[in-house]
Amino acid sequence: MAKNKKEGNKSVSSIIEKTATAETGIDTADKAKTGFLGYLKIHVWASVAILVLTLLALAGGLKYLEEDPQREMAKNSKDRSLLSSINPFMPTPTPTPTPQLSKEYIYAGSRLLAVEDAGASAIPPADLAVWRPSDGYWYVMGGTGSAQTFQQWGSSADQPAPGDYDGDGKTDFAIYRGSEGNWYIIPSSTGSYYAVAQGANGDKPVPGDYDGDGKTDTALFRSSNATWYVKKSSDSTSYSQAFGISTDKTAQGDFDGDGKTDPTVWRPGDKTFYVLRSSDGYWFSVQVGSTGTDLPVPCDYDGDGTGDMAVLSGNSWIIRNSSTGAIPTPITWQSAGDIPVQNDYDGDGKCDIAGWRNSNGDWYIRQSASSNSLRQEHWGMSGDIPVPALYRR
């Protein structure tokens with residue numbers, strides 16, 4: 001009796017299920033296929049809203065990643081966020097640029113002395129050159145990267161005043177004619193000469209880069225009133241500066257490392273350098289010397305980009321290194337009476353001790369780049385004035 005009742009219930013359920021299937025025309029397999037599509041049809045607006053929000057979020061993220069590098073690059077590298085290290089929009093770091101040489105020149109005695117920036121690639125070696133008063137010719141020996149050159153410029157009463165007046169990295173032929181108070185310059189960039197009216201008879205030319213624009217400025221020292229007269233190449237204006245006394249010897253150079261020539265004198269009376277710093281307008285003094293007959297021979301002997309105070313005492317070079325402030329043991333070189341011609345002759349960025357012998361026209365160079373070995377060259381003759389520099393013709 002119970003069995004029949006259970007079977008009866010099962011039959012009723014089967015009948016209801018078949019009836020429902022017949023009414024809808026969809027069987028169980030069809031339900032499985034159409035369930036997901038049906039869900040989308042029912043929730044179509046919700047789906048569209050989700051898609052739009054997803055696209056907006058993606059666009060906002062891309063915009064942030066694109067603009068973030070601008071904000072991050074404005075910060076110091078240590079302050080940048082972790083995201084910047086994985087952001088594909090961050091620019092690739094550029095290589096460290098090659099240090100650029102400062103076009104700073106110092107002039108001492110009758111020589112042009114080049115000073116370069118510390119850590120920069122060395123400049124080419126200086127050319128051996130002389131100026132011959134008897135015929136007014138410049139004779140450049142030439143060498144690696146520089147052709148042998150002869151140039152007539154000047155007359156016997158003139159004073160040679162070489163410098164890079166056009167800022168092209170090459171030394172220009174130039175003379176100062178005191179009888180006229182004129183400078184005559186042939187720029188290497190054009191080959192056409194020009195004149196600069198400046199000075200008076202008896203003035204001493206002391207060209208250098210006093211305004212730091214990479215070009216040599218015409219400048220003079222007048223011993224009668226111990227005044228420096230400078231015409232700046234940057235704006236063609238002139239100024240004068242009283243500094244020193246009438247018996248001082250000029251020894252200008254960049255002694256504060258700011259890329260500008262400082263008016264400087266060496267005083268025989270107390271064997272002391274006096275420097276008027278271009279960086280702050282204050283002066284300082286350093287005693288370097290042995291006797292009152294010493295010759296000031298400043299140059300960058302230690303290669304730190306700042307001029308070193310030095311004197312030639314007989315045949316001994318007494319040098320105060322700007323990098324340490326120390327004065328090592330004097331260096332004996334050449335013969336007493338040889339003309340000092342210190343310059344960078346081996347291109348290592350350090351000034352080499354050197355002398356030129358007027359009696360035979362021989363150069364004696366102590367090469368700092370090769371364990372201070374001797375380089376001996378013959379260039380010039382008695383009566384010439386040595387003018388080594390970077391002519392690079």
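The structure presented is a predicted model; accordingly, all values stated were derived computationally and were not measured.
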Item to check | Distance flag, aromatic centroids of Phe150 and Tyr139, threshold under 6.0 Å | outcome: yes

Item to check | Partners passing side chain to side chain contact (heavy atoms under 4.5 Å, CB included) against Ser146 (at least two apart in sequence or in another chain) | outcome: Asp127, Arg392

Item to check | Fellow cluster residues of Trp183, listed by chain then number, with links counted only when side-chain atoms sit under 4.5 Å apart | outcome: Tyr165, Tyr176, Ile185, Tyr194, Val196, Leu220

Next on the checklist: Classify the ring geometry of Tyr391 against Trp138: parallel below 30°, tilted from 30° to 60°, perpendicular beyond 60°.
Outcome noted: perpendicular

Next on the checklist: Could you tell me if Ser368 and Asp348 have a donor-acceptor pair between their side chains, going purely by distance under 3.5 Å?
Outcome noted: yes

Checklist entry - Should Pro340 and Trp356 count as side-chain neighbours, where that means a heavy-atom distance under 4.5 Å? => result no

Item to check | Euclidean distance, Gln252 CD relative to Leu276 CG, rounded to 0.5 Å | outcome: 12.5 Å

Checklist entry - With the threshold set at 4.0 Å, does a side-chain nitrogen-carboxylate oxygen contact exist between Arg357 and Asp338? => result yes

Checklist entry - With sequence neighbours excluded, what pairs up with Lys271 under the salt bridge (Lys or Arg N to Asp or Glu O under 4.0 Å) test? => result none

Checklist entry - Quick one: do Met381 and Val341 end up in the same hydrophobic cluster if we chain Ile, Leu, Val, Met, Phe, Trp and Tyr together by side-chain heavy atoms under 4.5 Å apart? => result no

Next on the checklist: If hydrophobic clusters are built from ILVMFWY residues whose side chains come within less than 4.5 Å, do Val206 and Ile245 share one?
Outcome noted: no

Item to check | Crowding at OH, Tyr239 (>12 non-hydrogen neighbours, <6.0 Å) | outcome: yes

Checklist entry - Any idea how Tyr184 and Trp153 line up, ring-wise: parallel (<30°), tilted (30 to 60°), or perpendicular (>60°)? => result perpendicular

Checklist outcome for this item: The ring pair (Phe, Tyr, Trp, His ring centres under 6.0 Å) partners of Tyr345 (sequence neighbours excluded) come to none

Checklist outcome for this item: For Leu53, the hydrophobic cluster (side chain heavy atoms closer than 4.5 Å, chained through members) also holds none

Checklist entry - If two hydrophobic side chains count as joined below 4.5 Å and joins carry through other members, does Tyr229 share a cluster with Val265? => result no

Item to check | Residues forming a side-chain hydrogen bond (donor to acceptor under 3.5 Å, both in side chains) with Ser155, sequence neighbours excluded | outcome: Asp158

Checklist entry - Do you know which two heavy atoms are closest between Asp262 and Thr264, and how far apart they sit? => result O-OG1, 2.9 Å

Checklist entry - Are Asp256 and Arg277 close enough for a salt bridge, meaning some N to O gap below 4.0 Å? => result no

Item to check | The single option from Ile318, Thr272, Asp308 passing side chain to side chain contact (heavy atoms under 4.5 Å, CB included) against Val288 | outcome: Ile318

Checklist entry - Distance under 6.0 Å and angle within 45° of the ring axis: does Arg375 meet both against Tyr364? => result no

Item to check | Asn321 backbone acceptor or donor facing Asp302 side chain under 3.5 Å | outcome: no

Checklist entry - Angle class for the Trp317/Tyr301 ring planes (parallel below 30°, perpendicular above 60°, tilted otherwise)? => result perpendicular

Checklist entry - Would you find more than 12 non-hydrogen atoms of other residues, nucleotides or ligands less than 6.0 Å from Tyr282 atom OH? => result no

